[in-house]
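Working notes for the structure below.
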Amino acid sequence: MSGIKTIALNTFRESIRGKVLYVVLVFGGILILSTYFLSPLSVGSAREKIITDVGLAFISFIGVMTVVVVGSTLVHKEIDKKAVYMVLIRPITRLEYILGKFFGIMTAVLLIALVMGVLTALSVLLGGGNISGQLVAAVYFSILEMAVMCSIVLFFSTFTTPVLTFFFAACVFAAGSLSGDLRVFAEKMGSSGGKLIMDLFYYILPNLSIFNYRHEAVHQLPVPINDLLISSVYSLVYCGALLLLAYLVFRRREFT
Amino acid sequence: MKRKSVNILLVAAALAAIVLASRTVEGIGARKREMDIQYLPNTQSLKLMSLGYRNLVSDILWFKTTQYYGGYRMGRNSLRLFKHLINVITDLDPQFTFAYQLGAVIMAEDMGDFEEGRRLLRKGIENNPENWRLNFELGFLYYITGRDYKMAQQYFTMASRMPGANERALRFAASAAARGDDLSLSIKMWKHLADNTEEEFMKELAAGYIRKLEKKMEERREEGE
Amino acid sequence: MDILSVEEIRKSFKSDFTRQRSEVLHGVSFRASDGEVLGFLGPNGAGKTTTIKIILGLIRPDSGKVRVMGRDISDRGIKKVIGYMPEKAYFYNHLSLREFLEFCGRMSGMKGDLLRDRISELIELVGLSGSEDRKLKGFSKGMTQRAGLIQAIIHDPDLLILDEPFSGLDPMGRKLIRDVLMRLRDEGKTIFFSSHILPDMEMICDRTCIIKKGRVVRQLSMGELTRVGEGKVDIRARSCPQEEIENIADYIEGVRKNHDESIISVSKQEYTRSVLTRLLDCGADILSVATRHPTLEDVFLDEIESGSKGESEKQEEIEAVTG
């Protein structure tokens with residue numbers, strides 16, 4: 001257990017130290033705040049709606065971007081520079097390594113999401129609105145989404161280059177976001193062979209649309225407690241499964 | 001060897017867990033999808049939020065719209081929000097000519113609202129003045145749904161004067177317009193429309209309408225006997 | 001007890017381009033007993049690094065067994081008693097020395113004041129005091145070698161494995177490493193290291209394994225080296241009259257002249273006394289009397305070259321038989 005903690009801390013430090021991170025944060029912060037300045041262009045309560053909608057969209061987008069960029073380079077750099085030897089020769093299992101990396105990156109991303117969440121909340125308050133429970137819930141669901149993407153990025157990074165990892169992760173993100181629509185598209189295929197493959201694909205790709213609670217936050221709609229539970233478990237199961245797969249791949253790796 | 005089978009088992013277990021979990025959240029996903037369409041913001045907000053990626057957003061919305069129509073055909077939802085969707089899509093990307101074409105046909109035929117279809121095509125023509133297909137289709141709609149043969153002829157003639165127009169189809173269409181209400185001719189016109197388009201969707205749509213008209217022709221013949 | 005036992009390790013690699021398998025290790029076997037300093041010697045490409053990586057679990061052998069303290073290396077707990085110093089600085093360069101060592105120590109199960117004290121003690125031992133808070137990125141080659149040594153012994157392992165620990169160091173650096181290793185040996189640690197620098201190996205090893213083309217071709221103890229050639233003595237003398245040398249010609253194998261020095265090789269040990277007396281009598285200055293034995297380099301080169309000769313001899317044999 002302490003192995004996971006040590007590696008997580010080291011990974012967290014390394015994620016935070018990268019200059020990319022600061023650029024992302026500043027960029028995100030500026031964008032969120034700029035919506036506050038842009039929104040007078042629209043009428044009435046639409047301003048609060050836009051701030052909330054855009055703010056949450058950015059948290060989701062930039063959070064996922066950070067996960068993908070940091071995740072795709074971190075593991076590969078370590079293996080490339082052979083610094084990973086320092087870990088592998090010690091009484092640390094490869095599973096502890098994978099889990100440590102995951103928690104390290106997620107902690108860094110959590111920090112970013114919280115900072116941006118606070119900025120969004122501030123923008124809403126400055127615009128005269130209130131911070132609703134839905135806003136907080138929406139940020140929570142975004143974090144669940146980032147966790148799923150993090151496990152996917154780690155999985156790819158155990159066996160392929162940063163560029164390919166980024167590419168695959170981006171594809172999975174796009175497909176996962178449009179997941180439901182792709183399913184309807186697949187149903188039209190008719191033929192059982194093609195349909196089975198599309199179905200399998202659909203079920204294995206992460207269903208990221210379920211983590212989108214921007215409508216609830218913007219239009220003050222209720223968020224069912226059931227959703228919170230089910231989606232949290234989904235995120236947990238998905239991350240667990242993918243980290244297991246990442247471990248299985250990493251366990252087989254040889255370091256020549 | 002034992003290691004390998006354990007690995008395979010673990011992979012299978014991981015995939016099974018994912019599939020099970022995905023099935024569990026399917027309901028939530030479907031609900032979210034409906035909400036995406038239901039709570040589509042107005043054009044102005046969307047323009048702001050698209051930040052220069054308007055075409056991309058319009059493409060994604062088009063994808064959702066076609067699935068929405070698909071859902072209607074499978075009896076899952078109504079077309080209540082269709083008008084709004086098409087309007088937003090064409091606002092974000094005024095040069096998306098196919099959206100006008102398909103949108104107008106669906107509004108006129110499936111929703112029985114000729115006026116809306118006409119309005120949409122006029123908007124399309126305004127934004128794409130050199131496009132012969134939009135004029136052709138407006139003529140087509142006037143003929144089939146609006147039953148206004150003079151206007152149909154007018155638009156067919158306008159379309160024939162534009163670059164890229166398919167001569168044969170247009171001449172036939174123009175002459176047909178002069179003859180007025182004729183079911184078999186209408187069917188032939190739909191067939192020509194289907195032949196002149198590369199879009200699968202349009203062909204499917206045309207086939208559907210042809211079947212409807214053929215059924216009507218059957219009924220009329222039986223009544224006549 | 002054998003601290004390290006390597007039995008019939010075989011390993012082949014698939015080349016990315018040609019899709020052919022090339023066998024790198026053809027059955028490597030050797031042992032290191034408790035408290036021994038075992039050297040690992042071989043030309044480039046012989047398989048030294050591959051063998052070491054297999055022992056550390058970075059590569060899996062196709063067949064064969066590796067045991068440390070009687071336990072198979074797949075036993076995760078065994079890593080607690082192994083320390084590894086890599087050939088190059090494969091470190092987390094964005095960390096400071098202290099942060100890096102804390103990281104390594106924690107992963108080896110150390111913590112708290114014990115870890116901190118040990119880090120300070122070792123930093124001082126290798127002479128890196130004052131650089132604790134500098135980033136590893138800015139370290140010189142010699143400094144990184146020393147940092148590497150610290151991380152290898154920070155958890156007080158029983159078995160220390162070093163890959164070319166002397167490479168790229170200046171004489172002072174080499175002496176430092178040598179001194180630390182000898183101190184560890186005195187503490188009873190088992191040390192296994194590969195090197196190209198033969199004099200250092202000769203100085204501190206108890207035994208040496210020579211590996212060539214993926215096989216251990218010779219294992220010899222340093223004691224053997226000194227025994228071989230027992231009886232030959234070299235006398236270094238100055239101002240030696242030529243006639244005297246001719247007088248003792250029966251007792252000597254040869255004379256080598258180096259400026260005004262003569263190196264006289266006595267053929268049998270029992271002649272040493274008489275030759276010495278003769279030289280002293282004729283007024284020569286005796287600079288040194290030393291037993292002449294082959295160096296490790298001699299044995300090594302001999303082993304490497306004999307292999308190639310052996311092959312061409314084998315080829316002749318085969319041709320003779322098949323005609």
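Convention: sequence-line order gives letters A, B, ...; per-chain numbering from 1. Keep in mind that this is a model prediction, so the values were computed, not measured.
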Problem set entry | side chain to side chain contact (heavy atoms under 4.5 Å, CB included), paired with A:Ile89, selected from C:Ile161, C:Leu56, C:Ile82 | C:Leu56
Problem set entry | Main-chain N/O of C:Lys88 paired to A:Lys82 side chain as donor or acceptor, under 3.5 Å | no
Exercise. Does atom CG of A:Leu229 have more than 12 heavy-atom neighbours from other groups under 6.0 Å away?
Worked result: yes
Problem set entry | C:Glu121 atom CD, over 12 foreign heavy atoms within 6.0 Å | yes
For this session: Select all residues of residues 231-256 of chain A having any heavy atom within less than 4.5 Å of some heavy atom of chain C, and report them by number, or 'none'.
Result: A:Arg251, A:Arg252, A:Arg253, A:Glu254, A:Phe255, A:Thr256
Problem set entry | Any residue meeting salt bridge (Lys or Arg N to Asp or Glu O under 4.0 Å) with C:Lys53, in chain and number order, not counting sequence neighbours | none
Problem set entry | Considering all heavy atoms, the nearest C:Met107-A:Thr6 contact | CG-CG2, 4.0 Å
Problem set entry | Enclosure of C:Lys141 NZ (heavy-atom neighbours >12, cutoff 6.0 Å) | yes
Exercise. Of the backbone (N, CA, C, O) and the side chain (C-beta and beyond), which part of A:Leu9 lies under 4.5 Å from a heavy atom of chain C, both, or neither?
Worked result: neither
Problem set entry | Exam field: side chain A:Arg90 to backbone C:Cys104, donor-acceptor pair closer than 3.5 Å | yes
Exercise. Would you say the side chain of C:Arg106 lies within less than 4.5 Å of the side chain of A:Ser2, judging by non-hydrogen atoms?
Worked result: no
Problem set entry | Heavy-atom contact with chain A under 4.5 Å, split by part of C:Glu102 | neither
For this session: Go through the steps for C:Leu58 and A:Leu88 under the test side chain to side chain contact (heavy atoms under 4.5 Å, CB included), then give the verdict.
Result: CA-CA 7 Å; C:Leu58 293 169; A:Leu88 298 175; 3.8 Å; yes
Problem set entry | C:Lys79 side, atom NZ; A:Ile92 side, atom CD1 - distance, nearest 0.5 Å | 10.0 Å
Exercise. Are there more than 12 heavy atoms of other residues, nucleotides or ligands under 6.0 Å from atom CE of C:Met201?
Worked result: yes
Problem set entry | Closest approach of C:Phe103 to A:Asn10 (non-hydrogen atoms, all atoms of both residues) | CZ-ND2, 3.3 Å
Problem set entry | Distance in Å, A:Met86 CE paired with C:Phe91 CZ, rounded so as to fall on 0.5 Å steps | 5.5 Å
For this session: Would you indicate whether A:Phe167, at its atom CZ, is surrounded by more than 12 heavy atoms from other residues, nucleotides or ligands within a distance under 6.0 Å?
Result: no
Exercise. In terms of side-chain heavy atoms, does C:Tyr92 have a donor or acceptor partner in A:Glu78 at a distance below 3.5 Å?
Worked result: yes
Exercise. Looking at C:His94, C:Glu99, C:Lys80, which one has more heavy-atom pairs under 4.5 Å with chain A than the rest?
Worked result: C:His94
Exercise. Has A:Phe201 got more than 12 heavy atoms of other residues, nucleotides or ligands less than 6.0 Å from its CZ?
Worked result: no
Exercise. Does anything in residues 151-159 of chain C get under 4.5 Å of chain A by heavy atoms, and if so which residues?
Worked result: C:Gln151, C:Ile154, C:His155
Exercise. Residue by residue, which of residues 104-115 of chain A have a heavy atom closer than 4.5 Å to a heavy atom belonging to chain C?
Worked result: none
